[in-house]
Amino acid sequence: MPPRKRARGPKNTTKAVQPASDNEDNSDTPIQRKGKRKIATASKSKGKVASSDVKDSPGKASYCHWLMKSEPESRFENGIDVKFGIKDLKALPDQTGCWDGVRNYQARNFMRDMKVGQQAFFYHSNCKEPGIAGLMTIVKEAYVDHTQFDKKDVHYDASSKPDNPKWSMVDVQYVRMLKRFVPLAELKKLHQEHRATGGPLKDMALFTRARLSVQPLTAEEFNFVLSLEEKDPL
DNA sequence: GCCAACGTTGGC
DNA sequence: GCCAACGTTGGC
């Protein structure tokens with residue numbers, strides 16, 4: 001995201017703008033590792049995505065479940081509080097906000113893949129207890145993130161020009177809290193077990209691509225995580 | 001196009 | 001507050 005953190009969803013939905021022209025880097029396509037740094041990618045997992053996780057697009061995997069990170073606790077960046085937890089989303093008009101401030105190409109590209117009606121987990125990051133708090137749904141597909149042009153905004157990007165915007169956002173609407181908070185620690189433990197046993201969370205992006213603030217889940221991952229709310233905490 | 005230096009993410 | 005991991009930048 002942003003020059004700094006993950007995204008936060010501001011107050012309201014702004015006027016739509018055409019989907020940015022895109023590119024400059026499609027981190028969405030397989031990227032090889034360069035030098036020592038590897039740039040992960042969505043489509044890298046293409047090969048193993050079950051067909052049920054792939055909709056449309058002949059050549060290209062497309063996910064339909066997501067996890068989006070945001071910080072529920074106050075933290076000041078350039079004097080501005082970047083706090084935006086699930087309660088903040090719920091408090092907005094229509095319980096809907098735009099997920100602005102994403103300043104990472106892979107995360108942006110995932111948002112550009114999102115379709116209206118798809119569901120996303122609201123993940124609380126950089127806080128006392130990180131984990132999945134609730135569910136939201138995509139209510140507006142990717143459009144220009146206006147905060148990139150706002151010098152006052154924490155996520156201002158001087159390198160992005162209005163005639164060729166770099167960054168996009170989607171609108172999300174609160175759906176519900178999970179029946180219980182699902183902590184990162186629990187997911188991590190399951191991930192580790194599943195790596196050994198071949199269980200559903202063995203490749204979960206939360207662990208294999210830890211720093212990605214907007215990430216896809218396969219249907220199997222999504223459903224498994226969702227089923228945890230019915231179970232006792234570990 | 002490579003890669004070292006730098007900056008950020010985010011758990012702990 | 002620390003710092004590992006990793007994404008980005010920019011010189012060459």
Side-chain angles (χ1 to χ4, degrees), chain A residues 1-9 20 22-45 66-86 88 99-113 120-134 145 147-148 153-161 164-169 181-195 201-217 225 228 233-234:
Chain A
M1 119 185 36
R4 217 127 198 321
K5 278 349 193 197
R6 14 283 129 202
R8 46 192 243 253
D22 174 281
N23 48 302
E24 50 242 336
D25 144 49
N26 358 324
S27 326
D28 226 7
T29 43
I31 291 183
Q32 27 321 41
R33 72 175 39 231
K34 306 174 138 174
K36 45 182 62 178
R37 282 234 188 284
K38 112 178 76 177
I39 299 186
T41 110
S43 14
K44 148 202 244 187
S45 24
W66 311 96
L67 178 148
M68 302 171 84
K69 301 179 182 177
S70 188
E71 301 183 55
E73 296 173 4
S74 283
R75 190 175 58 77
F76 290 85
E77 224 175 285
N78 308 329
I80 297 165
D81 193 353
V82 298
K83 167 186 188 302
F84 188 78
I86 193 165
D88 299 300
W99 205 267
D100 67 350
V102 171
R103 297 293 181 270
N104 168 283
Y105 290 114
Q106 295 177 64
R108 177 202 71 179
N109 291 344
F110 282 130
M111 286 201 297
R112 290 181 178 180
D113 287 341
F121 287 125
F122 195 123
Y123 177 90
H124 281 169
S125 68
N126 206 21
C127 57
K128 199 71 68 62
E129 195 175 27
I132 297 175
D145 177 348
T147 65
Q148 66 198 300
D153 196 277
V154 184
H155 307 299
Y156 173 64
D157 180 357
S159 73
S160 182
K161 302 303 173 199
N164 187 21
K166 285 189 179 175
W167 306 111
S168 303
M169 62 187 181
F181 182 84
V182 178
L184 175 64
E186 179 173 348
L187 292 168
K188 181 182 284 179
K189 190 170 180 200
L190 290 164
H191 166 66
Q192 283 164 353
E193 288 174 12
H194 291 188
R195 270 194 315 180
L201 300 192
K202 66 181 191 316
D203 296 320
M204 193 181 186
L206 193 56
F207 306 103
T208 59
R209 325 216 1 224
R211 297 179 50 194
L212 242 199
S213 66
V214 174
Q215 41 182 265
L217 285 84
V225 171
L228 295 175
L234 287 192

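All chains are named by letter (A, B, ...) in the order of the sequence lines, taking the proteins before the strands, and each is independently numbered beginning at 1.
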Output yes when A:Glu77 and A:Arg75 qualify as a salt bridge under the 4.0 Å nitrogen-oxygen rule, no when they do not.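 Salt bridge between A:Glu77 and A:Arg75, a charged N being under 4.0 Å from a carboxylate O: yes.
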Salt bridge check: are A:Asp145 and A:Arg108 linked by an N-O gap of less than 4.0 Å? no
Distance in angstrom units between [X] [atom1] and [N] [atom2], rounded:
X: A:Arg103; N: C:dT8; atom1: CZ; atom2: P; answer: 13 Å
X: A:Lys69; N: B:dT8; atom1: NZ; atom2: C1'; answer: 12 Å
X: A:Gln106; N: C:dT8; atom1: CD; atom2: P; answer: 7 Å
X: A:Leu187; N: B:dC12; atom1: CG; atom2: P; answer: 11 Å
X: A:Leu67; N: B:dG10; atom1: CG; atom2: P; answer: 10 Å
X: A:Arg211; N: B:dG7; atom1: CZ; atom2: C1'; answer: 9 Å

Is A:Phe207 touching bases, backbone alone, or none of the nucleic acid, heavy atoms closer than 4.0 Å?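 If one applies the 4.0 Å heavy-atom cut-off, A:Phe207 turns out to touch nothing in the nucleic acid.
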Can you sort out the partners of A:Ala205 under side-chain contact (heavy atoms from CB on, under 4.5 Å), two or more places apart, ordered by chain and number? A:Thr208, A:Arg209, A:Gln215
Any A:Tyr105 side-chain N or O less than 4.0 Å from OP1/OP2 of C:dC6: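 Looking at the OP1 and OP2 atoms of C:dC6, neither is under 4.0 Å from any side-chain N or O of A:Tyr105.
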How long is the span from the CG atom in A:Asp88 to the NZ atom in A:Lys83, to the nearest 0.5 Å?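 Answer for the CG-NZ pair, A:Asp88 versus A:Lys83, is 3.5 Å.
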